[in-house]
Peer 1: 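Please see the structure below; I have some questions.
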Amino acid sequence: MRFFHLTGGVLLGLCCILFACTIIQSNDITSLSQLNNLNLNSIVIAQNLDSGSLTSTAILIDSVMNEPVKIDVNSTINGNVTKQVKINWPSVASNSKLKFKSGITSGIVIKNTYYQNGMPRASLVYENDQLKEAYTFFYNNNGQLTNFVSKIYTTPSPTLYSDTLIYNSSGVALGYVGSIVRKTSSSNTVTTIIFPYTTYGNSSNVGLGTGQGGGNNPTYQGYNYGFGNCLCGNNAGNSCSGCSISFGNGSSSNFIISPLQVGRLMNQLQIEDVKITSNSNCGGSGSPTSYDTYYFHPLMLMRGLFIHGDALLNIYSIDWWHPGHAINSSNFTMNETVTFNFNYGQ
Amino acid sequence: MVSKKYLMSVLLTAITLCSEAQFRLPQLDVEAKGVFSILPDNSDNSTIKNVTVSSWQGGAHVQLNQYIALGGFYTRSFSGNVKYQNDEPGSAQMLIKGLDLRFSGGRSARWRPYISFNYSQVEFTQNFGGINLANKANAIGAGMGLMRKLSNNLYWSIIEVNYKKLNTPIFWLDNMDFMLEAKSGFVYNIRVKTK
């Protein structure tokens with residue numbers, strides 16, 4: 001009897017104390033809004049290359065602009081640039097897969113500025129305080145990116161791409177960028193690039209690719225872009241996306257992008273140069289090319305901030321993706337990867 | 001972590017129930033189980049395959065009669081993985097504490113099937129790029145299992161399967177909102193003789 005009293009009481013007391021225990025700490029993130037307000041502290045760039053592994057870290061420094069700058073040239077948006085993030089970018093090794101279009105390799109600082117609503121205004125790439133690359137974003141009142149200007153300070157004259165983004169107003173990809181009207185400074189030409197969309201798995205699972213949405217693969221500067229996810233794993237849906245580029249005499253090259261994202265925050269972004277395609281659902285690949293080069297693009301860091309940012313990063317592969325040159329035969333033993341790991345703090 | 005006010009109320013409740021027990025003498029059983037839980041992906045465009053968690057569970061039941069028991073359980077993970085489509089898994093932790101009502105076959109039979117209904121609090125955390133994400137939800141669930149009698153006091157709970165529905169989906173995991181559990185372990189009856 002006494003035993004029962006003791007045992008029952010102890011058990012009950014123990015149970016109640018255990019019920020009060022928790023694994024949630026006071027500084028844990030418990031909501032999406034808390035999550036989206038975190039600061040990015042550093043980006044670890046890990047490259048797994050045929051020539052070996054490279055790991056480097058970009059350090060971010062946040063600063064509130066002392067005097068908010070009203071910067072929208074057309075005054076169509078009521079907003080100020082209120083925040084600047086300075087990124088001390090690591091030196092670019094000679095065998096790095098990730099390079100800069102301007103060719104800079106050291107003393108690199110990237111300055112990203114943001115509107116008060118959190119959307120990026122510009123991404124400026126400096127080498128020893130000299131501006132080498134400038135990317136500028138313009139929006140409409142719905143928060144859609146409507147214009148994107150890229151300027152690469154190459155010699156003898158800078159290369160300027162001024163893009164107008166046209167959004168689909170109907171079809172499976174309603175609200176996605178359907179085409180880009182590009183003005184190029186060097187050739188003084190205007191090119192329209194139309195992007196096809198399809199659905200993966202179900203009707204709300206939209207991604208770039210030919211299929212239900214109609215349309216053909218775009219061709220730009222001699223490359224034919226075949227978007228799709230057949231190089232991704234089974235049942236990847238649109239969580240992984242990719243593209244096969246074909247050019248010349250049947251040469252082809254491939255990439256897939258695998259993100260980990262929560263809310264607007266990227267945890268990880270991996271771009272894989274897929275040379276071994278034998279186990280994929282894509283069927284045969286074209287003649288091989290050597291490993292590709294990826295050029296820095298601000299969307300690699302900011303993809304999560306944009307509406308349908310996954311499609312935008314894929315679309316801008318026309319700028320950041322440079323396929324390897326055609327080779328006669330291949331003896332690839334691995335796919336090279338570039339992985340951005342984003343580290344946050346409160 | 002546990003307030004004094006809370007401890008006092010727990011103590012008072014325990015004392016009250018212990019003195020009540022002089023007039024009615026339910027039997028107790030205590031249990032120790034291993035638990036494997038899975039939270040499947042419920043979204044087509046998810047980057048996540050599933051979440052798997054391995055835990056230990058301690059529990060105790062007051063047997064209202066030989067068929068019905070009311071008790072509580074405490075489940076704490078020792079290993080957890082968030083599996084992504086194209087990446088190494090991320091580590092996760094889970095804590096579940098709750099109450100359950102068990103309906104079982106008679107104690108004397110060699111095989112003792114049972115069903116249970118439970119209410120619990122589920123806490124789930126995951127490290128995400130250097131910070132901890134956390135979700136707390138209430139869950140209702142149901143399960144069924146089979147015990148085998150090993151001795152007068154000891155039962156082997158060969159298998160128990162459970163379904164739990166969370167009222168607050170895990171916000172960073174594509175709103176996962178249910179989990180499946182498989183459990184196995186031992187149940188020990190603490191026999192109490194009446195006056």
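Here is how names work: the chains are called A, B, and so on, in the same order as the sequence lines, proteins then strands, and each is numbered from 1. In this text, all values refer to a predicted model and were calculated from it rather than measured experimentally.
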Peer 1: Side chain from CB out, backbone as N, CA, C, O: work out which of these in L35(A) comes under 4.5 Å of a heavy atom of chain B, or both, or neither.
Peer 2: side chain
Peer 1: Atom CZ of residue position F36(B) - does it have more than 12 heavy atoms of other residues, nucleotides or ligands inside 6.0 Å?
Peer 2: yes
Peer 1: So how far is it from I23(A) CD1 to M94(B) CE, rounded to the nearest 0.5 Å?
Peer 2: 8.5 Å
Peer 1: Check whether S31(A) gets within reach of chain B through its side chain, its backbone, both or neither, counting any heavy atom under 4.5 Å.
Peer 2: backbone
Peer 1: Just wondering, more than 12 heavy atoms not from M334(A) lying within 6.0 Å of its CE?
Peer 2: yes
Peer 1: Can you tell if the side chain of I24(A) reaches within under 4.5 Å of the side chain of T125(B), non-hydrogen atoms only?
Peer 2: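 Yes; the side chains approach each other to less than 4.5 Å.
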Peer 1: Considering only heavy atoms from C-beta outward, does the side chain of D28(A) approach that of L133(B) to under 4.5 Å?
Peer 2: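 Side-chain contact under 4.5 Å: no.
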Peer 1: Any side-chain heavy-atom pair from Q121(B) and T22(A) closer than 4.5 angstrom?
Peer 2: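 Counting from C-beta outward, Q121(B) and T22(A) never come under 4.5 Å.
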Peer 1: To the closest 0.5 Å, what do you measure between CZ (F171(B)) and OG1 (T30(A))?
Peer 2: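 Rounded to the nearest 0.5 Å, the CZ-OG1 separation comes to 6.5 Å.
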Peer 1: More than 12 heavy atoms of other residues, nucleotides or ligands under 6.0 Å from CD1 of I159(B): yes or no?
Peer 2: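 For I159(B), atom CD1 is crowded (more than 12 foreign heavy atoms under 6.0 Å).
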